[in-house]
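Report on one structure; see the data block that follows.
By convention here, the first residue in the shown sequence is residue 1.
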Amino acid sequence: MGAPLDTSTSKKAIRGSIWTMAGYAAGQVLRLGGNLVLTRLLFPAVFGQMALVSIFIQGLAMFSDVGTGPAIVQNAQGDDPRFLNTAWTIQVGRGVALWLAACAIAVPVAAFYEQPLLAWLLPVAAFGTVLAGFESTSVHHLQRHLKLGRLTLLDLAGQAAGTVGTVAFAFLDRWQHGANSPGAVWAVVGGGLVSGVTRLVLSHTALPGVRNRFLLDRPSLRLLMSFGRWIFLSTLLTFLAGQSDRLVFGKLIPIEMFGVYGIAVMLAALPTEAVLKLGGSVVFPAYARLARRPDFAQVFDRVRLPLLLGSGVLVSGLMAAGPALIRVLYDPRYVEAGWILQYLSAMAWFKILECTNGQALLARGHVRWVAAGSATKLVGLVALIPLGFHLGGFPGALAGLVLAEALKYLTSAVGVALGGLRGYRRDAAFTAAVALVAWGAVGAGGAVAEALRPGLPASLGG
């Protein structure tokens, strides 16, 4: 056995994990509660329209990602005010450039998806990238030192303000224009901007750290660009791999069905986002501190085990209870999200496995393997979604999506194995257990759903 974990890092990681998961749980309660209210105030097409807007804003953000946040966390100069201010200057410029790019693509996107309102929605919603660009680097600096209490409260404050704003705007629109108002989608856009303003103000007033100013320090700029070029490629491929399904489905299926698909995506993301949140806020900073230690393989195993145990339970539960959960929480307009959720839960499991590998690769500076995984998934999506759609319609396309995510995980497994981190045996055992539980539960749930509503594809069998 190697030397024990550094006591200070271990304690900070435990405190950070507690804050992160408490904040995540509270955030998901806010998110789900707001979503349940909004699905009763709005109609499925609104969620479809906003899903398209979100895809393109995320895509622009990831196309221009130069890794300023991870660089602050990972780089030895991450406490230097010159480094922080240079990173902030790049971040501000990037936010403005993203907004201008969103304005430029708005009309072509609206024409391609045959949704004229997108020509206005996209530029207004994208102004949030300007607000995010001006956020203080204290957000990343506190992540670097695993001081996550105030960051968690900042996230919750922004989310709560956005949720309250969205619901208030939706109520106001319904009161003025009645149900199924074509302008109801602006409530969601307005809530997003309220959230962005709240985060911007609090990041500069409620967090300790450097007071940011415009600066371009050449040595810092070189370090940021050196780290950022692989981050850029990785995030570009990650976006294409992660959002290609929505880019394609937004064109292939009706906008109302696309809104229903978005509901299933949100619920399936619950276990994945928990792991991603822990990974970005706790696991990656801790790994970055310990990546060069000789006992890093033991650290890797110990950190992943509880994450996989908890995630396996959540994923199995979503697969088993997906259709019933949708019927309980949502009105009949959204019932088809149940069987979609089962497919997406299977995809979420492979995404969790890959994420826990990817944080270790990133901490060791092996960003190429992260990029390679996204490229592998992208190739899989290009081949498997059309094939699946041809053979089995929408359910077949979703099966192709699951297989493409599995290919991305396998790439990351090769990367960590070559680095001496052999978690694939445990991964195989966990995957078999999740599949066994899901197989029995989905079969039973599908039979019940078929009895309740004949003709609905209520299970993975379609």
- Polar side-chain atom of R333 near backbone of E256 as donor-acceptor pair, under 3.5 Å: no

- Heavy atoms of L221 and I90 approach each other most closely as CD1-CD1, 3.5 Å

- Task: Output yes when a side-chain donor or acceptor of W339 lies under 3.5 Å from a complementary backbone atom of E336, and no otherwise.
- Result: yes

- Item | Heavy-atom pair of closest approach, residues A157 and T198 | O-CG2, 3.9 Å

- Query: Taking atom CE of M266 and atom CG of L32, what is their separation to the nearest 0.5 Å?
  - Reply: 5.5 Å

- Task: Please tell me if the side chains of S412 and W369 come closer than 4.5 Å, counting only heavy atoms from C-beta onward.
- Result: no

- Task: Taking the side chain as every heavy atom from C-beta outward, state whether V109 and L52 have any pair of such atoms under 4.5 Å apart.
- Result: no

- Query: Do the side chains of D427 and L308 get nearer than 4.5 Å, heavy atoms only?
  - Reply: yes

- From the list V53, L121, L118, side-chain contact (heavy atoms from CB on, under 4.5 Å) partner of V185 resolves to L121

- Note on the structure: Here the pair of heavy atoms bringing S220 nearest to T86 is CB-OG1, 3.8 Å

- Query: Hey, does L207 have a side-chain heavy atom less than 4.5 Å from the side chain of L151?
  - Reply: yes

- Task: To the nearest 0.5 Å, tell me how far L381 CG sits from L403 CG.
- Result: 10.5 Å

- Query: Parallel, tilted or perpendicular for Y409 and F350, by the 30°/60° rule?
  - Reply: tilted

- Quick one: do L401 and Y343 satisfy side-chain contact (heavy atoms from CB on, under 4.5 Å)? Show the steps, please. CA-CA 9 Å; L401 191 62; Y343 281 93; over 6 Å; no

- Does some side-chain heavy atom of L353 sit less than 4.5 Å from a side-chain heavy atom of N357? no

- Indicate the atoms forming the closest heavy-atom contact of A268 with S345, along with that distance. CB-N, 4.2 Å

- Message: Check the orientation of F394 and F249. Use parallel for under 30°, tilted for 30 to 60°, and perpendicular for over 60°.
- Response: perpendicular

- When rounded to the nearest 0.5 angstrom, what is the spacing between CH2 in W99 and CG in L122? 12.0 Å

- The reported gap from CD in E354 to OG in S374 (rounded to nearest 0.5 angstrom) is 6.5 Å

- Task: Locate the shortest heavy-atom distance separating G133 from Q91; write the atom from each residue and the value.
- Result: O-NE2, 2.9 Å

- Task: Might you point out which heavy atoms bring S195 and G162 nearest each other, and give the distance in Å?
- Result: CB-CA, 3.8 Å

- Task: Evaluate the criterion side-chain contact (heavy atoms from CB on, under 4.5 Å) for residue pair M257 and I340; output intermediate values, then yes/no.
- Result: CA-CA 11 Å; M257 187 61 176; I340 298 172; 3.8 Å; yes

- Item | Parallel, tilted or perpendicular, as decided by the 30° and 60° cut-offs, for the rings of Y330 and Y334 | tilted

- Message: To the closest 0.5 Å, what do you measure between CG (L398) and CG (L341)?
- Response: 11.0 Å

- Before giving the answer on side-chain contact (heavy atoms from CB on, under 4.5 Å), spell out for F56 and Y113 the whole-Å C-alpha distance, their side-chain angles and the decisive distance to 0.1 Å. CA-CA 12 Å; F56 284 96; Y113 286 99; 3.6 Å; yes

- Query: Hey, are the side chains of R199 and D155 touching, using non-hydrogen atoms and a 4.5 Å cut-off?
  - Reply: yes

